[in-house]
Amino acid sequence: MPRPTPANDTAPHEVIEDRPYADTESVAALHALVMQSLDDDQAQETISIPLEGKSSIADYMVIASGRSSRQVATMAQKLAERVKQATGRSARIEGLPVADWVLIDAGDIIVHLFRPEVRSFYNLERMWGFTDAPVAGTA
């Protein structure tokens, strides 16, 4: 099903397969928002893994660390609030009560926030074939 185009929208949008309401401009804006939010909240070792061609669940997976469970929880809550303000959509959050590993599903961007020890244990960067990324806890 093609993306509906408002009458005043004359700029062409490249529609992303499998997600007819996602266009490259909105994905780029959401990605920039996520990266800026994590930077503002002093996330450590933030990396972004492009998932195009690897998965249809999202366009990017962002992985970052916080120094403590409290910082991880706060970053997740602030990110969810900023996504809601910018897009009008609520981001889904899993793992907030313990906050060792919090997953934020912002639609086209999946964000994993970890405490450093937990990030090192699961090593998602390697699992997704992003071996150029530094291993958490070694920097």
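As the structure is a prediction and not an experimental result, all values here were calculated from the model.
I63 CD1 to E125 CD: the interatomic distance, rounded to the nearest 0.5 Å, is 4.0 Å. The line from CD1 of I110 to CG of D59 is 10.0 Å long, rounded to the nearest 0.5 Å. Taking CG from L33 and OG from S26, the interatomic distance works out to 12.0 Å, rounded to the nearest 0.5 Å.
When atom types are taken as modelled, the side chain of S120 and the backbone of P116 share no donor-acceptor pair closer than 3.5 angstrom. S55 places no side-chain N or O within donor-acceptor distance of the main-chain N or O of L51, the cut-off being under 3.5 Å.
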Going through the distances and angles, do S48 and M35 end up as a side-chain contact (heavy atoms from CB on, under 4.5 Å)?
CA-CA 8 Å; S48 178; M35 298 302 284; 4.3 Å; yes
Checking side-chain contact (heavy atoms from CB on, under 4.5 Å) for the pair V111/L79: CA distance, chi angles, key distance, verdict?
CA-CA 9 Å; V111 182; L79 178 58; 3.9 Å; yes
Assess whether salt bridge (Lys or Arg N to Asp or Glu O under 4.0 Å) is satisfied between D100 and R119, documenting all intermediate values.
CA-CA 9 Å; D100 284 340; R119 180 177 180 174; over 6 Å; no
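Residues K84 and S90 share a closest heavy-atom pair of NZ-OG, 3.4 Å. Smallest separation of non-hydrogen atoms from I104 and A91: CG2-CB, 3.8 Å. Residues V72 and F114 approach most closely at CG2-O, 3.5 Å, considering heavy atoms. The two atoms that bring A43 and A64 nearest to each other are CB-CB, 3.9 Å, heavy atoms only. Taking both residues in full, the closest heavy atoms of S65 and M75 are given as O-CE, 3.9 Å, listed atom of the first, atom of the second, then distance. Residue L38 comes nearest to V62 through the heavy atom pair CD1-CG1, 3.6 Å, listed as atom of the first residue, atom of the second, then distance.
Legend: residues meeting ring pair (Phe, Tyr, Trp, His ring centres under 6.0 Å) with Y122, ordered by chain and number and at least two apart, are W101.
Applying the ring pair (Phe, Tyr, Trp, His ring centres under 6.0 Å) test to every pair with at least one member in residues 29-49, sequence neighbours left out, gives these pairs: H31-Y60. The list of ring pair (Phe, Tyr, Trp, His ring centres under 6.0 Å) pairs with a residue in residues 74-93, not counting sequence neighbours, is empty.
Just one of Q71, R82, Q36 meets the side chain to side chain donor-acceptor pair (under 3.5 Å) condition when paired with D41; it is R82.
Within the 4.5 Å cutoff, no side-chain heavy atoms of S68 are placed close to those of R115. Residues V102 and E94 fail the side-chain proximity criterion, which asks for heavy atoms closer than 4.5 Å. Residues R89 and L30 have side chains in contact (heavy-atom distance under 4.5 Å, counting atoms from C-beta outward).
Taken together through direct or relayed side-chain contacts under 4.5 Å among Ile, Leu, Val, Met, Phe, Trp and Tyr, I47 and L103 form parts of separate hydrophobic clusters.
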